[in-house]
Amino acid sequence: MTFKALFVLLPGIQMLSVQPDTKPKGCAGCNRKIKDRYLLKALDKYWHEDCLKCACCDCRLGEVGSTLYTKANLILCRRDYLRLFGVTGNCAACSKLIPAFEMVMRAKENVYHLDCFACQLCNQRFCVGDKFFLKNNMILCQTDYEEGLMKEGYAPQVR
């Protein structure tokens, strides 16, 4: 099977400039009018820059990036979302525990540390968008996959 490596980004935060000729918008955090020069738009609502904060660590979400997470009526930064709701597991390559807040790569039901996501024969690391193959639950680069097919007595199909 052929796969492409990818990351998934959640919808996030937009910083907008307030136009002087528009009616002030209400802040979803404090319910007051936004009279600042800039406002944030997230979750289809408008916010003061100071009001859009992580419910756990109080970091200003507009400053820590353009992604936010929501669950159980909480607005969270990435780190706290993963700490509270992330699923930990073991790396399919090294069998060591993967912390919930760590970035991972996935191939079918297997999860890998970023450093472990490499061809298991030649150790070539894969980047986002690189082609890789999964054979007998092993990650292989195209060269090693094709060499394995040749040794088994049949050539890969080129498309």
Q. Got a second to check how far H48's NE2 is from L40's CG, nearest 0.5 Å?
A. 10.0 Å
Q) Between H113 and C94, is any pair of side-chain heavy atoms under 4.5 Å apart? A) yes
Q.
For a 4.5 angstrom cut-off between non-hydrogen side-chain atoms, does D50 reach R60?
A. yes
Q.
What I'd like to find out is whether the side chain of M105 reaches to under 4.5 Å of the side chain of V111, using heavy atoms alone.
A. no
Q: For residues L52 and A42, report the shortest heavy-atom separation together with the two atoms involved.
A: CD2-CB, 3.9 Å
Q. Is there a side-chain contact between L114 and V104, using heavy atoms and a 4.5 Å cut-off?
A. no
(Q) For Y145 and F132, I'd like to know if the aromatic rings sit close, meaning centre-to-centre distance below 6.0 Å. (A) no
Q.
Working to the nearest 0.5 angstrom, can you tell me the gap between E49 CD and R37 CZ?
A. 11.0 Å
Q: For residues A92 and Y112, report the shortest heavy-atom separation together with the two atoms involved.
A: CB-CE2, 3.5 Å
Q: Might you point out which heavy atoms bring C77 and C59 nearest each other, and give the distance in Å?
A: CB-SG, 3.8 Å
Q. Is any side-chain heavy atom of L43 closer than 4.5 Å to a side-chain heavy atom of L68?
A. yes
Q: Please report the closest heavy-atom contact between C119 and C141, naming both atoms and the distance.
A: SG-N, 3.4 Å
Q. In Å and rounded to the nearest 0.5 Å, what is the NZ to CG distance from K135 to L149?
A. 5.5 Å
Q. Taking NZ, NE, NH1 and NH2 as the nitrogens, is one of them in D130 or R125 under 4.0 Å from a carboxylate oxygen of the other?
A. no
Q | Over all atoms of both residues, closest heavy-atom pair of C56 and D80 | A | CB-OD2, 3.3 Å
Q: Could you give me the CA-CA distance, side-chain angles and deciding distance for W47 and L39, then say whether side chain to side chain contact (heavy atoms under 4.5 Å, CB included) is met?
A: CA-CA 6 Å; W47 307 78; L39 59 83; over 6 Å; no
Q) Less than 4.5 Å apart, any side-chain heavy atom of L61 and any of C54? A) yes
Q) Do other residues, nucleotides or ligands put more than 12 heavy atoms under 6.0 Å from the CZ atom of R79? A) no
Q.
Can you confirm whether T70 sits close enough to L76 that some side-chain heavy atom of one is under 4.5 Å from a side-chain heavy atom of the other?
A. no
Q: Quick one: do K71 and Y81 satisfy side chain to side chain contact (heavy atoms under 4.5 Å, CB included)? Show the steps, please.
A: CA-CA 8 Å; K71 188 164 183 172; Y81 174 83; 3.9 Å; yes
**Q.** Residue pair R78, M103: steps toward the side chain to side chain contact (heavy atoms under 4.5 Å, CB included) verdict
**A.** CA-CA 11 Å; R78 180 180 185 278; M103 295 287 284; 2.5 Å; yes
Q: Evaluate the side chain to side chain contact (heavy atoms under 4.5 Å, CB included) criterion for residues K96 and N90: first the C-alpha distance (whole Å), next the side-chain angles of each, then the deciding distance (0.1 Å), finally the verdict.
A: CA-CA 5 Å; K96 292 181 183 172; N90 292 335; over 6 Å; no
Q: Work out which heavy atom in Q120 is nearest to a heavy atom in N137; give both atom names and the distance.
A: OE1-O, 4.0 Å
Q: Measure the CZ-CE distance between F133 and M138 for me, rounded to the nearest 0.5 Å.
A: 14.0 Å
**Q.** Distance (rounded to the nearest 0.5 Å) between R32 CZ and I34 CD1
**A.** 10.5 Å
(Q) Side chains of I139 and F126, heavy atoms from C-beta outward: is any pair under 4.5 Å? (A) yes
